[in-house]
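Below: the structure, in structure tokens.
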Amino acid sequence: DVKVTQSSRYLVKRTGEKVFLECVQDMDHENMFWYRQDPGLGLRLIYFSYDVKMKEKGDIPEGYSVSREKKERFSLILESASTNQTSMYLCASSSQVVLFLQGYTFGSGTRLTVV
Amino acid sequence: AQSVTQLGSHVSVSEGALVLLRCNYSSSVPPYLFWYVQYPNQGLQLLLKYTSAATLVKGINGFEAEFKKSETSFHLTKPSAHMSDAAEYFCAVSAPYSSASKIIFGSGTRLSIRP
């Protein structure tokens with residue numbers, strides 16, 4: 001089975017801290033995605049990447065950046081954490097070739113609280 | 001452009017009753033459609049997918065969905081609800097986008113099961 005692993009399940013950070021959320025997938029997928037999930041708002045796409053060192057903005061990129069130095073790893077960076085970034089963060093990956101057959105594979109999520 | 005609309009943010013049924021979660025889509029090209037399930041404090045898991053092979057699609061845990069082009073719908077059903085079905089369900093449509101194909105998610109429907 002494809003595995004998408006997010007490094008932390010729960011994280012508490014202080015306002016103004018630089019925060020790194022890590023995501024690793026083990027199936028050589030080209031595409032990787034970062035979403036945040038908030039009650040009543042569903043999933044909102046922050047950034048995605050379709051290749052190493054490539055990235056594209058999603059719907060809500062403000063306050064975030066990403067890094068993809070290796071194909072299997074996609075990092076989300078909160079440059080200066082704020083309380084409105086308290087949320088559940090979900091990482092996903094997919095194969096560009098068989099996206100429509102397999103969909104996305106999601107990690108278990110990181111629940112980030114900024115105090 | 002593709003989009004999905006899930007009717008009802010919260011659905012409550014009795015154990016043993018029919019489950020019906022509604023999803024309507026909009027797509028300028030033949031769509032690929034998905035249903036995902038999210039159990040508490042977990043990531044999303046693929047429940048089933050429509051990829052034009054058959055209009056009635058069977059998924060895991062006894063769920064199925066029927067693609068109706070004339071109604072632009074892809075409703076999710078289960079004949080008899082179990083307590084373990086309590087979760088959030090997301091309908092999604094594929095969307096070719098720039099360099100990476102993406103999946104567009106609905107806002108989700110929370111399913112509660114009454115004893």
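Below, chains carry the letters A, B, ... as their sequence lines are ordered, and counting in each starts from 1. What you see is a predicted model, and the numbers here were worked out from it, not measured in a lab.
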Is there a donor-acceptor pair closer than 3.5 Å between any side-chain N or O of B:Tyr36 and the backbone N or O of A:Gly103? no
So if you build clusters from Ile, Leu, Val, Met, Phe, Trp, Tyr with side-chain heavy-atom gaps below 4.5 Å, do A:Leu11 and A:Tyr64 land together? yes
When rounded to the nearest 0.5 Å, the distance separating CG of A:Asn31 from CD1 of B:Ile103 is 10.0 Å
Report yes or no: do B:Val13 and B:Met83 belong to one cluster of Ile/Leu/Val/Met/Phe/Trp/Tyr joined by side chain heavy-atom distances under 4.5 Å? yes
Checking heavy atoms, do the side chain of B:Glu88, its backbone, both or neither come under 4.5 Å from chain A? side chain
Mind checking whether A:Leu78 and A:Leu41 sit in one hydrophobic cluster, side chains of I, L, V, M, F, W, Y counted as touching below 4.5 Å? no
Linking I/L/V/M/F/W/Y whenever their side-chain heavy atoms sit closer than 4.5 Å, directly or via other members, would A:Val24 and A:Tyr47 fall into one cluster? no
Determine, using the 4.5 Å side-chain heavy-atom cutoff (strictly less than), whether B:Phe105 and A:Leu76 are members of one ILVMFWY cluster. no
Contact part of A:Gln37 toward chain B, heavy-atom cut-off under 4.5 Å: side chain, backbone, both or neither? side chain
Counting only heavy atoms not in A:Arg44 (residues, nucleotides, ligands), do more than 12 fall under 6.0 Å from its CZ? yes
Under 4.5 Å to a heavy atom of chain A? For B:Gln38 that would be side chain
Winner by heavy-atom pair count (cut-off under 4.5 Å) against chain B, out of A:Tyr35, A:Phe106, A:Tyr10: A:Phe106
Return the minimal non-hydrogen interatomic distance between A:Arg111 and B:Asn41, and the atom names on each side. NH2-OD1, 3.7 Å
What part of A:Arg9 is in contact with chain B, defined as an atom under 4.5 angstrom from a non-hydrogen atom: side chain, backbone, both or neither? side chain
